Amino acid sequence: MDLPGFTRASRDWFRRPVLNLAPLLLGCALARTTGDGTVAVRITEVEAYAGPADPGSHAFRGRTARNATMFGEPGHLYCYFSYGVHHNLNVVCDEAGTPTGCLLRAGQVIRGAELARSRRTAKPRATALPEQHLARGPGNLGQALGSSRETDGADLLGDEWSWWLPQDPPALWRTGPRVGVSGPGGDGELHPWRFWLPGEPSVSAYRPGTARASRGR
DNA sequence: CCAACGATTAACT
DNA sequence: GTTAATCGTTGGT
């Protein structure tokens with residue numbers, strides 16, 4: 001398995017504070033290979049969740065059976081069941097014992113579009129979906145990759161799931177309020193921790209955000 | 001044990 | 001813009 005223009009990430013690449021890692025995830029590729037083939041998604045939108053100090057985080061009230069994966073080694077997938085319907089994917093960040101992660105909110109399917117589409121054909125209008133919308137939204141991204149209850153804890157340095165760094169990383173991103181997280185005065189005031197690549201068709205046009213230049217890599 | 005609530009989506013007005 | 005669908009997790013009784 002290879003991806004032109006990308007190289008595989010090491011465990012240590014994930015070993016940094018969540019707010020530092022979050023923008024670096026943009027432009028990376030997440031791939032999954034099964035007997036049916038490979039689907040790879042280039043990440044265009046993420047949200048950071050900062051653990052015990054973050055009221056929006058699943059880890060805010062400590063360790064539970066559900067969020068245990070976030071307490072483990074970085075470079076694994078924390079997959080949780082959302083609204084009785086979706087299997088949303090997070091990249092576990094920072095050192096083991098620091099329960100932080102980034103929710104993968106959207107991406108562009110760069111390999112296996114046919115397979116990704118077939119995984120979404122349960123939805124009546126899926127056959128009419130433009131390719132750019134196959135992995136738009138966290139639930140849809142999870143669905144395009146076929147994530148399930150079994151996905152929680154998967155290692156991104158394994159054979160089935162893999163994480164890829166772009167040879168030519170994006171130089172610019174935007175930040176804004178997280179989606180679906182409430183808080184006093186609006187969560188966005190305190191935690192503008194949604195990061196996305198401007199101008200990407202796979203990113204839904206939510207609220208406007210602030211442009212930030214990258215500080216070099 | 002039980003009731004409330006989502007890190008959402010798609011369909012409908 | 002609004003709302004129903006849908007069910008595991010959580011926290012309180």
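By convention in this document, chain letters (A, B, ...) are assigned in the order of the sequence lines, proteins followed by strands, and residues within each chain are numbered from 1. Bear in mind the structure is a predicted one, so any value in this text is a computation, not a measurement.
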Using modelled atom types and a 3.5 Å cut-off, is there a donor and acceptor pairing between side-chain atoms of A/Glu47 and backbone atoms of A/Val179? yes
Let me know the distance between CG of A/Asn90 and C1' of B/dT8, rounded to the nearest Å. 14 Å
Which residues pass the side chain to side chain contact (heavy atoms under 4.5 Å, CB included) test with A/Pro201, not counting sequence neighbours? A/Gln132
Hey, does A/Glu160 have a side-chain heavy atom less than 4.5 Å from the side chain of A/Thr33? no
Nearest whole Å is fine: how far is C/dG8 P from A/Arg66 CZ? 13 Å
Rounding to a whole Å, what distance do you find between A/Arg63:CZ and C/dT9:P? 15 Å
What's the CG-P distance between A/Leu104 and B/dT8, to the nearest Å? 13 Å
Atom NE2 of A/His86 and atom P of C/dG8 are separated, to the nearest Å, by 14 Å
Residue that, paired with A/Glu45, satisfies salt bridge (charged side-chain N to carboxylate O under 4.0 Å, His left out) out of A/Arg136, A/Arg178, A/Arg194: A/Arg194
Where do N or O atoms of nucleotides 3-5 of chain B meet protein N or O atoms at under 3.5 Å, pair by pair?
none

So what does A/Phe81 touch, heavy atoms closer than 4.0 Å: a base, only the sugar-phosphate, or nothing? sugar-phosphate
A/Met70 versus A/Tyr80: any side-chain heavy-atom pair under 4.5 Å? no
Pi-cation contact, A/Phe6 with A/Arg42 (under 6.0 Å, within 45°): no
Ring centroids of A/Tyr83 and C/dA5 base under 5.5 Å with planes under 30°: no
Exactly one candidate in A/Val91, A/Leu89, A/Val39, A/Leu25 meets side-chain contact (heavy atoms from CB on, under 4.5 Å) with A/Leu30; the answer is A/Leu89
Atom-pair distance (CG on A/Leu89; P on B/dA7), nearest Å: 16 Å
Which of these nucleotides, B/dA7, C/dT6, C/dT10, is closest to any side-chain atom of A/Thr64? C/dT10
From CD of A/Glu47 over to C1' of B/dG6, roughly how many Å is that when rounded to an integer? 14 Å
Bracket string, DNA chain B, 5' to 3' - pairs by Watson-Crick or G-U geometry under 3.5 Å, | interstrand: ||||||.|||||.
Nearest-nucleotide pick for A/Arg149, side chain only, options being B/dG6, B/dA7, C/dT9: C/dT9
Would you say a side-chain N or O of A/Asn67 is under 4.0 Å from OP1 or OP2 of B/dA7? no
May I ask you to check whether A/His87 and A/Phe81 place their ring centres under 6.0 Å from each other? yes
For A/Asp168, is the CG atom crowded, meaning more than 12 foreign heavy atoms sit under 6.0 Å from it? no
Spacing between A/Arg61 atom CZ and B/dA7 atom C1', to the nearest angstrom: 14 Å
